[in-house]
Student: 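The structure follows.
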Amino acid sequence: MNIAKVIVDVPASSINQTFDYYIPERFQEILENGMRVIVPFGPRKIMGFVVGRVSESSFKRLKEIVEVLDLTPVLTNELLDLGKWVANETLSLSITALQAMLPQVLKAQYEKELIRMTDAELPEPFETLFAGRDVISFDEFAGSTVSYYQLQKVIQEGDISIEYLVKSKITKKYVTKIAASRPAHLLEEALLDLSPSAKKQKQLLRFFIENETSIEQKKLLQLVNTTTSTVKALMDKGLLETKREEVFRNPYNDAEIERTNPLTLTEEQQIAINPINEAIDSQYHDVFLLHGVTGSGKTEIYLQAIQNVINKGKEAIVLVPEISLTPQMVKRFKGRFGANVAVMHSALSAGEKFDEWRKIQRKEVQVVVGARSAVFAPFENLGIIIIDEEHETTYKQEDQPRYHARDVSIHRGEYHQCPVILGSATPTLESYARASKGVYKLATLNKRTNDKPMPKVDIVDMREELHAGNRTMFSRKLKESIELCIERGEQVVLLLNRRGYSTFVMCRDCGHVKECPHCDIALTYHKNSNQLKCHYCSHEESMPSACPECQSKLIRYFGTGTQRVEEAITQLIPEARVLRMDVDTTRRKGSHEKILKQFVDRKADILLGTQMIAKGLDFENVTLVGVLTADSMLHLPDFRSSEKTFQLLTQVSGRAGRHELTGEVIVQTYTPEHYSIVLASEYNFNDFYNKEMNTRRIFQYPPYFYLALITISHKNRVKVIQTSQQIAQLLMRQLQQDTVVLGPTPSPIPRIKDRYRYQCMIKYRNEPDLRVYIRKIVEQFADEVRKDDLLITVDMQPYHLM
DNA sequence: AGCACGCCGACT
DNA sequence: GTCGGCGTGCTC
């Protein structure tokens, strides 16, 4: 077994296989599956993952592994298999799937160096370049005027050679600590030698005899109540020394979080948790759909189920949408399980993520709370996986590997024979349909734990407002309610549902819309810089003063940004203090929390924001929720637009009156009769489900049909159309009768970065070999992909049909 | 992907 | 002789 099978860090379909390498004697004992290694690959050196060991290879001349990068495997055998499964399910490369399971810092960085191999004089440009050094970075050469041709000659002469390096991005954090430099019994002896007057020094020494071996200076001085000079005196005597010690970065100050105890469950909660606990106790896999209205206490069920898992010595993964992974949420888990929790989300620095990941890897925690990628936490003894707000689209990764965390969770749940909990007030149709069929177990929570009814929802028809001569974005009803609310000293949350409503620039005379010259999409107006920007490429231009088509001066920006709403409120209700929360105001780390804290501290009357304020936030004093434009995403070309509208309205309504005060919700819309708005206002999930299912069945959409989306892009439009047609035809030849292949049609954004984009959509009920077919077809175009810059991407079960 | 190698045309 | 620009084939 001295040959290793290695998945190599080269993301190319022709390299998507294992490569065999000899394991040199010195690594024989230590090398395990799932470790990262450095291997020679052609002329260079690259990183790879060991995925197996064999004693024979069909290859004659094997190279040796150069270096082993890990002391313990970074991927367990389960995760290696999972990687294979993910790559296969999502039609992505093995290496991409493996990298997705690890923190970014474990990715290798590559560098090249030029090494001087001779003391003899080098040809002139190189002497200047090296300037007396023996090694320079390749970049330095590339940035110089020296030609590659000249370098080749010197390399052939053997006077310079290229070294290929694999560098690690890992950074560890260290603190300087004070430690005893001798064992305790020798310190005792030293104690006797100290002069009787050196009281503080004696105290210090006794501290080290009695206590831990190392401590931060600041803490030490506090505990012993002395100054640096005493410490220094003992150091000079050689009794104490400074020591650099590695510490884990700690993004959350555990000590400051108040511990909580389990709450008594309501009868409903108890009924819901029983079967989950039974699955944990008897160690079998099942998927539970926990359908509970907002405020029904889903989180408490999670917490108690996790407690059961911890008691059994097992581990738990909790997935939450990125957007709701707020300090409030973290606090609930840390409050119950303290330092036994690792937190993983994008706001952490790369180093912090790495440290949280290592806590899991070293089994220092039993719980991880995190966004999508936390589903790959390297636990080996999982007892439960929980997906909160399971309807959130962020669980689907939008770039390769395009996996869905729900599918991965269920796969891991089967492996570990543990339950998977999907929780939501507004489950996806897919999940609810499965629960209805008995594939998932359904648990329903209809009551809020505070016994308060859901807030009453008023729908305001904005067309009537217009007829009545109200041209502002606030209906009379909403304006009045805001004023009353502020008068009572209560707070307001205003949701601007901005999707599909970005601020574009249009000429009022000729209707010309300013588009990106490289992409077929309207440019977005940015007020603070007075610039037009493209969100798909890096194009920027200044705001024109006249229409480029008709020279009219009446060129303006349209759409409703949060900034404009803010201005409008201040005009309409001058006494209102408004806090704005959107992508612009939350870009800086920690600004999210800052805004929320200000609002909790009642520094403002109105919290105005986009989707991010709809989720999981819990404010005592909020009694009014206003939705400015409920239907803004209803008309998007997306078969889920009704479902998304229903979900958003239900979620945001749940923000009002969560505590003692009763809440009120006002929803403004131009389509007040639309079923997703009407039924959301009645909190009627069941009717919505039935109605929407009916539409999905008629139009052959999920959950009745599965989807696969193939997108083809190229600089040459004719080539894209031709290739797309070929692909569609090849597909149709293989697929079943009831499978539909739509297209090719231009993508919703037909051109991005000067590349034309066409797509084929496959709708199918049962195609066990679909992935095989697609792979084969894509393979047929491999040559053009490689040589002609053709791009074919496949998205199984896509969420965004872009 | 990223690298070497080979061939070609261009420039001085 | 020197240089950059492709196209091609290979990586255990």
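In the text below, chain A, chain B and the rest are named by the order of the sequence lines, each starting its count at 1. Fair warning: this is a prediction, and the values are worked out from it, not measured in the lab.
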Student: Is any side-chain N or O of A:K63 closer than 4.0 Å to OP1 or OP2 of C:dT11?
Tutor: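 For A:K63, the contact criterion (side-chain N or O under 4.0 Å from OP1 or OP2 of C:dT11) is not met.
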Student: Whole angstroms only, please: what is the CD1-P distance between A:I23 and C:dC12?
Tutor: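 It works out to 16 Å between those atoms.
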Student: Send over the distance from A:K112 NZ to B:dA1 P, rounded to a whole Å.
Tutor: 16 Å
Student: Is A:K763 close enough and on-axis enough to A:Y701, meaning under 6.0 Å and within 45°, for cation-pi?
Tutor: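 The answer is yes, since A:K763 meets both limits relative to A:Y701.
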Student: Please give, in whole Å, the distance from C:dC12 C1' to A:N16 CG?
Tutor: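 Roughly 15 Å, once rounded to whole Å.
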Student: Consider the side chain of A:Y164, meaning its heavy atoms from C-beta on, and name the nucleotide among B:dA1, B:dC3, C:dC12 that approaches it most closely.
Tutor: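 Of the candidates, B:dC3 comes closest.
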Student: When you check the phosphate oxygens OP1 and OP2 of C:dT2, does a side-chain N or O of A:S147 lie under 4.0 Å from one of them?
Tutor: no
Student: Give the rounded distance in Å between these two atoms: NZ of A:K787 and C1' of C:dG7.
Tutor: 8 Å
Student: Indicate, with a heavy-atom threshold strictly under 4.0 Å, whether A:K153 touches base, sugar-phosphate, or nothing.
Tutor: sugar-phosphate
Student: So does A:Y148 get a side-chain nitrogen or oxygen closer than 4.0 Å to the phosphate oxygens (OP1/OP2) of B:dC3?
Tutor: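 For B:dC3, OP1/OP2 do not have a side-chain N/O of A:Y148 under 4.0 Å.
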Student: For A:Y22, report the nucleic acid contact type (base, sugar-phosphate, nothing); a contact means any heavy atom under 4.0 Å.
Tutor: nothing
Student: Can you tell me if A:Q150 touches the phosphate of C:dT2, counting only side-chain N or O atoms and a distance under 4.0 Å to OP1 or OP2?
Tutor: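 Result: no.
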Student: In whole angstrom, give the distance that lies between atom CD of A:Q152 and atom P of C:dG4.
Tutor: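 Computing the A:Q152:CD to C:dG4:P distance gives 10 Å.
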Student: Go through the steps for A:Q104 and A:F354 under the test side-chain contact (heavy atoms from CB on, under 4.5 Å), then give the verdict.
Tutor: CA-CA 8 Å; A:Q104 278 297 306; A:F354 177 53; over 6 Å; no
Student: NA contact type, A:I3, heavy-atom cut-off 4.0 Å: base, sugar-phosphate, or nothing?
Tutor: nothing
Student: Quick check on DNA chain C: between A:R786 and A:Y149, whose nearest nucleotide comes earlier from the 5' end?
Tutor: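 Looking at DNA chain C, the more 5' nearest nucleotide goes with A:Y149.
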Student: Whole-Å distance between C:dC12 P and A:I38 CD1?
Tutor: 15 Å
Student: Please determine whether the number of non-hydrogen atoms from other residues, nucleotides or ligands lying under 6.0 Å from atom NZ of A:K753 exceeds 12.
Tutor: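 12 or below, so no.
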Student: Distance criterion of 3.5 Å, no angle test: do you see the side chain of A:R44 paired donor-to-acceptor with the base of B:dA1?
Tutor: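 Donor-acceptor pair under 3.5 Å: yes.
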Student: Figure out the CD/C1' separation between A:Q400 and B:dA1, and round it to whole Å.
Tutor: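 Atom-to-atom, A:Q400 to B:dA1, this comes out as 14 Å.
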Student: With a non-hydrogen cut-off below 4.0 angstrom, is A:Y21 in contact with a base, only sugar-phosphate, or nothing?
Tutor: sugar-phosphate
Student: Check this for me: A:Y706, atom OH, are more than 12 non-hydrogen atoms of other residues, nucleotides or ligands nearer than 6.0 Å?
Tutor: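 Not more than 12 within 6.0 Å, no.
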Student: How long is the line joining CG of A:L93 and P of B:dG2, in whole Å?
Tutor: 14 Å
Student: Compute the centroid of each ring, for A:F376 and then for A:Y403, and state whether the two points are separated by less than 6.0 Å.
Tutor: yes
